[in-house]
Amino acid sequence: MSFAYEHLDPELADRLIARAGLDQIRAKVDAGERLAFDDGLRLYQCPDLAAVGLLAHRVRTRRHGRKAYFNVNQHVNYTNICIYSCKFCAFAAKEGEERAYLMTPRIVEEKVREHLHEPVDEVHMVAGIHPTMPYEYYLDVVRAAKRARPDIHVKAFTMVEIDHMLKVSGKSEDEVFADLRAAGLGSCPGGGAEVLTDRVHKAVFREKIGPQQWLDTARKVQRHGFQMNATMLYGHIERDAERVEHLVKLRDLQDECGGFMAYIPLAFWPYHTDLEHYGHVTTGWTDLRNIAVGRLMLDNFPTVKAYWIMLTPASAQVALAFGANDIDGTVTEEKITHDAGTDAPMRLTQDELIHLIREAGFVPVRRNTTYDRETVVDSALAQA
Ligand code: SF4
């Protein structure tokens with residue numbers, strides 16, 4: 001089984017792309033030239049999504065062939081208590097609320113220990129910005145995960161959390177990153193960017209760090225030798241031009257620092273948020289377009305990830321043919337998107353991820369967090 005694009009005669013494919021008005025963009029893509037802001041806008045506004053997907057698939061195939069990556073990971077959201085009140089967030093709670101919780105480092109350690117019988121090699125930890133926990137707590141949370149499983153890769157802390165630590169630590173930037181490295185931090189996830197424009201920042205997350213501060217913090221992270229991911233939360237009030245602006249800002253920072261591993265467009269789930277009156281979740285159409293445009297604009301990002309928790313497994317599977325080359329991991333226990341109403345499951349097994357990838361005509365490859373270790377799936381299954 002393989003995706004239908006592969007059976008298209010290349011000349012016919014080019015004609016379909018030209019008919020969609022994307023011939024000039026196709027010429028740039030085929031020549032490996034960088035796309036301009038206006039190209040990004042045209043890709044967002046082109047009614048022919050299949051043509052946009054065809055172009056993105058071309059780039060994805062050039063970089064990764066038929067490989068589609070996944071990993072075996074677990075999520076730990078160590079607190080939902082947060083000083084901020086972002087309008088798109090259903091996860092955060094205030095201290096004293098019934099649903100508020102805070103994990104001690106011991107609980108984090110137990111959460112990681114619960115999965116010692118599984119071949120988990122990454123723990124992904126992000127959380128709210130707690131009003132009173134001291135700097136040492138964040139280091140202890142990382143140490144706790146490493147104590148439970150010394151060989152686990154700790155991918156933790158959004159730029160919002162890193163910015164908060166830098167502020168409360170009373171230490172220099174160099175000291176904070178040295179402390180995090182010594183505690184066992186391996187890399188950072190890409191959350192907290194939302195949409196990197198001043199209008200969206202003011203309208204829906206004005207209390208927390210804005211576009212420039214997110215980029216500045218990401219620059220600090222990468223200059224201190226940590227790799228990280230980058231996200232965009234789409235499907236609320238943002239406009240097409242703002243999505244393109246976000247992508248161009250990420251691309252510029254990648255040119256400068258080179259530390260981004262993956263771009264991960266995140267579909268907004270409105271339930272239980274202050275934007276619930278928008279009343280709809282993103283459609284597959286919007287999800288696939290954001291994957292495809294990200295792949296085409298971010299020519300210096302190695303990976304575009306279809307995060308199945310937010311896209312749902314079915315859409316993430318199809319996204320592999322619209323530019324994505326990664327479907328994320330097993331996850332195990334996820335709170336942030338589930339509080340906002342996703343109907344995706346909390347976990348997928350390795351076998352389920354492999355099945356999704358194979359059914360779409362791609363070759364499943366298990367990777368580590370930083371993509372420098374790949375395992376052929378059949379032998380991985382034999383070892384699991
Ligand atoms: S998105 Fe993050 S920073 Fe904003 S309210 Fe939710 S947990 Fe807090």
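Positions are given from 1, in the same order as the sequence printed here. All values below come from the heavy atoms of this structure, side chains included, with hydrogens, waters and symmetry mates left out.
Between the side chain of K94 and the backbone N or O of C82, at least one donor-acceptor pair lies under 3.5 Å. With hydrogens and angles ignored, the 3.5 Å screen pairs a side-chain donor or acceptor of N77 with a backbone N or O of V126. Proximity of a side-chain donor or acceptor of N229 to a complementary backbone N or O of A262 within less than 3.5 Å is detected. K249 places a side-chain N or O within 3.5 Å of a backbone atom of L196 that can act as its donor or acceptor partner.
Summarising the geometry of V52 relative to C46, their closest heavy-atom pair is CG2-CB, 4.1 Å, with the distance given to 0.1 Å. The two atoms that bring A193 and T231 nearest to each other are CB-O, 3.7 Å, heavy atoms only.
A salt bridge does not link R199 with E245: every distance from a Lys NZ or Arg NE/NH1/NH2 to an Asp or Glu carboxylate oxygen is 4.0 Å or more. Here K167 pairs with D163 in a salt bridge; the nearest charged N to carboxylate O distance falls below 4.0 Å. With salt bridges taken as basic N to acidic carboxylate O contacts below 4.0 Å, none links R15 and D9. Between R58 and D30 there is a salt bridge, with a side-chain nitrogen of the basic residue lying less than 4.0 Å from a carboxylate oxygen of the acidic one. Residues E256 and R223 are paired through a salt bridge, judged by an N-O separation under 4.0 Å between the basic side chain and the carboxylate.
Taking the side chain as every heavy atom from C-beta outward, P131 and I83 approach each other to under 4.5 Å.
Side chains of Y307 and D326: a donor-acceptor N/O pair is absent below 3.5 angstrom, by distance only. D121 and N71 share no side-chain donor-acceptor pair at under 3.5 Å. Counting only N and O atoms by type, the side chains of Y263 and Q254 include no donor and acceptor under 3.5 Å apart. In this model, a donor atom of one side chain and an acceptor atom of the other lie less than 3.5 Å apart for D372 and T370. Judged purely by distance below 3.5 Å, without hydrogens or angles, the side chains of T369 and E122 pair a donor atom with an acceptor atom.
Grouping the Ile, Leu, Val, Met, Phe, Trp and Tyr side chains by contacts below 4.5 angstrom, directly or via other members, places I264 apart from M261.
Y234 pairs with exactly one of T282, T286, D287, D240 by the side-chain hydrogen bond (donor to acceptor under 3.5 Å, both in side chains) rule, that one being D287.
The aromatic rings of W214 and F260 lie parallel to each other, with less than 30° between the two planes, well short of the 60° mark. The aromatic rings of F205 and H201 sit perpendicular to each other, their planes meeting at more than 60°, with 30° as the lower class boundary. A parallel orientation is assigned to the rings of F177 and H224, their planes being inclined by less than 30° (bins at 30° and 60°).
Atom CZ of R34 has more than 12 heavy atoms from other residues, nucleotides or ligands within 6.0 Å.
Both the sub-6.0 Å distance and the 45° axial angle are satisfied by R181 relative to the ring of F226.
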